[in-house]
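Below, read A as the first sequence line, B as the second, and so on, with proteins coming before strands; counting in each chain starts at 1.
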There are 2 protein chains.
Amino acid sequence: MAKNLLAKNKLTILYGLCLAVLLLLLKWLELKLVIVNNAYEVYMGAIAVFFTALGIWLALKLTKPKTVIVEKQVYVNNGPEFTVNQAEVEKLGLSKRELDVLQLMAEGLSNQEISERLFVSLNTIKTHSAKVFEKMEVKRRTQAVEMGKRLCIIP
Amino acid sequence: MAKNLLAKNKLTILYGLCLAVLLLLLKWLELKLVIVNNAYEVYMGAIAVFFTALGIWLALKLTKPKTVIVEKQVYVNNGPEFTVNQAEVEKLGLSKRELDVLQLMAEGLSNQEISERLFVSLNTIKTHSAKVFEKMEVKRRTQAVEMGKRLCIIP
DNA sequence: TTCAAAATCACCCTAAAGTATGAGCCCGGA
DNA sequence: TCCGGGCTCATACTTTAGGGTGATTTTGAA
């Protein structure tokens, strides 16, 4: 957010500076060189071309790219032998404790029961589960368990 | 393709016309009105602003919208075919509707979503789920799903 | 040592899940 | 015809889950 504003301000400042420099240049030309009155149009044209280019450049720089989300199917094998898919765990960024909570969730325990099993408070389990849901991009514990099993994170 | 070219030419012509008109206007002003020499900068500024706007407009009109393709992975289970363990279902005494509800539960759906999927009210789903829990002798939906999978009642 | 992430816990509030009870409708079997 | 089971829905209530925020402590890596 802050960076974006900075970038925009940078461009605005740059733009203002360009204008100022151009005007100074014109003034200088007016004072130091012989300006034929008939050459007005040339200057006008030059300015027009320059600022058109600047406008185009600005537009190209400032327009946000449109994002298109393409779903890519990934097939998951769920053979009889279970081994924790460590790669998936790391990809999701799940910590040890979060994984513990997810496993106990998958066993059908309530948050209260999980907290008793792990010797921590109910609030702690709520925090962990919330983080799990956030990282796995799900809304409910049932979905988290579903996904966890598919990804071989839990048996 | 042809239409595209036509459109581009149209814009180019329009652009050229704009420039010509502007120059004519300036010439006219120069000839017919009193132009204070000190007002140069004002005209320059006006031209700059106008052509910058024109450039931005041109860029926005002519460029194809920038697209960034983001691949989102969707995990799909392609395990061996699943066959319902009918014997277990009968042993538990689960009705067809109760089995439907259990299956959708296993997919991580909320009671609300299940009710919408089956075109019945939320209360009906609550009744079904309560009966499922009673028949399966579990306390929570997560436990029901766990047991259902173990008994091969659901995939 | 210092810094960031992980882990812990609390409080408040809303949403969802689950419990209990009652009731109406439909269908197939006794 | 009557009965029971399955399915539907409702109301009222309690419990659990989940969201949001903020705080403290622990710990591991730079």
Side-chain angles (χ1 to χ4, degrees), chain A residues 1-3 84-149 153-154, chain B residues 84-149 151 153-154:
Chain A
M1 193 75 87
K3 283 184 181 178
V84 179
N85 191 338
Q86 201 63 40
E88 282 296 342
V89 175
E90 281 168 18
K91 196 191 289 181
L92 292 172
L94 291 176
S95 69
K96 286 186 300 291
R97 215 51 166 164
E98 286 158 4
L99 204 56
D100 291 340
V101 172
L102 180 58
Q103 274 167 334
L104 294 176
M105 265 183 196
E107 290 176 22
L109 302 190
S110 67
N111 286 341
Q112 182 66 56
E113 290 165 340
I114 295 173
S115 74
E116 284 161 10
R117 189 79 73 87
L118 297 179
F119 305 107
V120 294
S121 86
L122 174 60
N123 287 312
T124 305
I125 301 303
K126 285 188 178 185
T127 306
H128 285 319
S129 62
K131 280 195 165 272
V132 169
F133 302 152
E134 188 185 329
K135 288 178 180 177
M136 296 181 88
E137 295 176 8
V138 296
K139 294 204 182 305
R140 283 175 286 281
R141 55 174 52 238
T142 46
Q143 288 181 340
V145 170
E146 235 280 304
M147 183 167 228
K149 294 206 176 194
I153 288 171
I154 46 182
Chain B
V84 180
N85 189 339
Q86 202 63 40
E88 281 296 342
V89 175
E90 282 167 17
K91 195 191 294 179
L92 292 172
L94 291 175
S95 72
K96 186 164 61 63
R97 213 53 167 163
E98 287 157 4
L99 203 55
D100 289 342
V101 172
L102 180 57
Q103 274 167 334
L104 294 176
M105 266 183 194
E107 290 177 20
L109 301 191
S110 66
N111 286 341
Q112 182 67 56
E113 288 165 342
I114 294 172
S115 74
E116 283 162 12
R117 190 79 73 90
L118 298 179
F119 304 107
V120 295
S121 86
L122 174 60
N123 289 313
T124 304
I125 300 304
K126 284 189 179 184
T127 306
H128 284 318
S129 63
K131 280 193 166 278
V132 168
F133 301 151
E134 188 186 329
K135 288 178 179 176
M136 296 179 89
E137 295 175 11
V138 296
K139 294 203 186 314
R140 282 173 288 280
R141 56 172 56 256
T142 45
Q143 287 181 342
V145 169
E146 237 288 298
M147 178 169 254
K149 294 206 174 192
L151 300 180
I153 288 171
I154 46 180

Asker: At less than 4.0 Å, is any side-chain N or O atom of B:S121 found next to OP1 or OP2 of D:dA10? Yes or no.
Answerer: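 For B:S121, the contact criterion (side-chain N or O under 4.0 Å from OP1 or OP2 of D:dA10) is met.
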
Asker: Does the distance from a Lys or Arg side-chain N to an Asp or Glu carboxylate O, for A:E113 and B:R140, drop under 4.0 Å?
Answerer: yes

Asker: What is the distance from CD of A:E137 to P of D:dG19, rounded to the nearest Å?
Answerer: 13 Å

Asker: May I ask you to test the B:T142-A:M105 pair for a side-chain heavy-atom distance under 4.5 Å?
Answerer: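 A side-chain contact under 4.5 Å is absent here.
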
Asker: To the nearest 10 degrees, what angle separates the axes at the start and end of the helix from C:dT1-D:dA30 to C:dA30-D:dT1, five pairs each?
Answerer: 50°

Asker: Quick one: A:K96 NZ to D:dT26 C1', roughly how many Å, whole number?
Answerer: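 Whole-Å distance recorded here is 12 Å.
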
Asker: Can you find a pair of side-chain heavy atoms, one from B:Q103 and one from B:D100, that are under 4.5 Å apart?
Answerer: yes

Asker: In whole angstrom, what separates A:K139's NZ from D:dA17's C1'?
Answerer: 14 Å

Asker: Think A:R97 has a side-chain N or O under 4.0 angstrom from the OP1 or OP2 of C:dT8?
Answerer: yes

Asker: Working note: B:L104 + B:I125, criterion side-chain contact (heavy atoms from CB on, under 4.5 Å); need CA distance, chi angles, decisive distance, verdict.
Answerer: CA-CA 11 Å; B:L104 294 176; B:I125 300 304; over 6 Å; no

Asker: Could you give the CG-to-C1' distance, from A:L99 to C:dA7, as a whole number of Å?
Answerer: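 One finds 15 Å between C1' of C:dA7 and CG of A:L99, rounded.
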
Asker: Could you check how far CD1 of B:I114 sits from P of D:dT8, rounded to whole Å?
Answerer: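 Value for this atom pair: 13 Å.
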
Asker: Does C:dA17 have OP1 or OP2 under 4.0 Å away from a side-chain N or O of B:R141?
Answerer: yes

Asker: Quick check: are there more than 12 heavy atoms from other residues, nucleotides or ligands sitting under 6.0 Å from NZ of A:K131?
Answerer: no

Asker: If the threshold is 4.0 Å, N to carboxylate O, is there a salt bridge linking A:K91 and A:E88?
Answerer: yes

Asker: Please report, rounded to the nearest Å, how far the P atom of C:dA6 is from the CG atom of A:D100.
Answerer: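 From A:D100 CG to C:dA6 P: 14 Å.
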
Asker: Taking the minimum atom-to-atom distance to the side chain of A:V120, which one of C:dA7, C:dT8, D:dA17 wins?
Answerer: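 Among the listed nucleotides, the one closest to the side chain of A:V120 is C:dT8.
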
Asker: With B:R97, which of B:V120, B:V132, B:T127 fulfils side chain to side chain contact (heavy atoms under 4.5 Å, CB included)?
Answerer: B:V120

Asker: Just how far, in rounded Å, is C1' of C:dA16 from CD of B:E113?
Answerer: 11 Å

Asker: Is any side-chain nitrogen or oxygen of A:N111 closer than 4.0 Å to OP1 or OP2 of D:dA17?
Answerer: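 Yes.
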
Asker: Hey, can you pull the residues of residues 122-135 of chain B with a non-hydrogen atom under 4.0 angstrom from DNA chain C?
Answerer: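 Residues of residues 122-135 of chain B that come under 4.0 Å of DNA chain C are, in numerical order, B:K126, B:F133.
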
Asker: Please give, in whole Å, the distance from D:dT8 P to B:E116 CD?
Answerer: 15 Å

Asker: Can you name the closest pair of heavy atoms from A:K135 and A:L94 and give their distance?
Answerer: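 What the structure gives for the nearest pair is CD-CD2, 3.9 Å.
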
Asker: Which residues pass the side-chain contact (heavy atoms from CB on, under 4.5 Å) test with B:Q112, not counting sequence neighbours?
Answerer: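 Per chain and number, B:Q112 pairs via side-chain contact (heavy atoms from CB on, under 4.5 Å) with B:S110, B:S115, B:E116, B:L122.
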
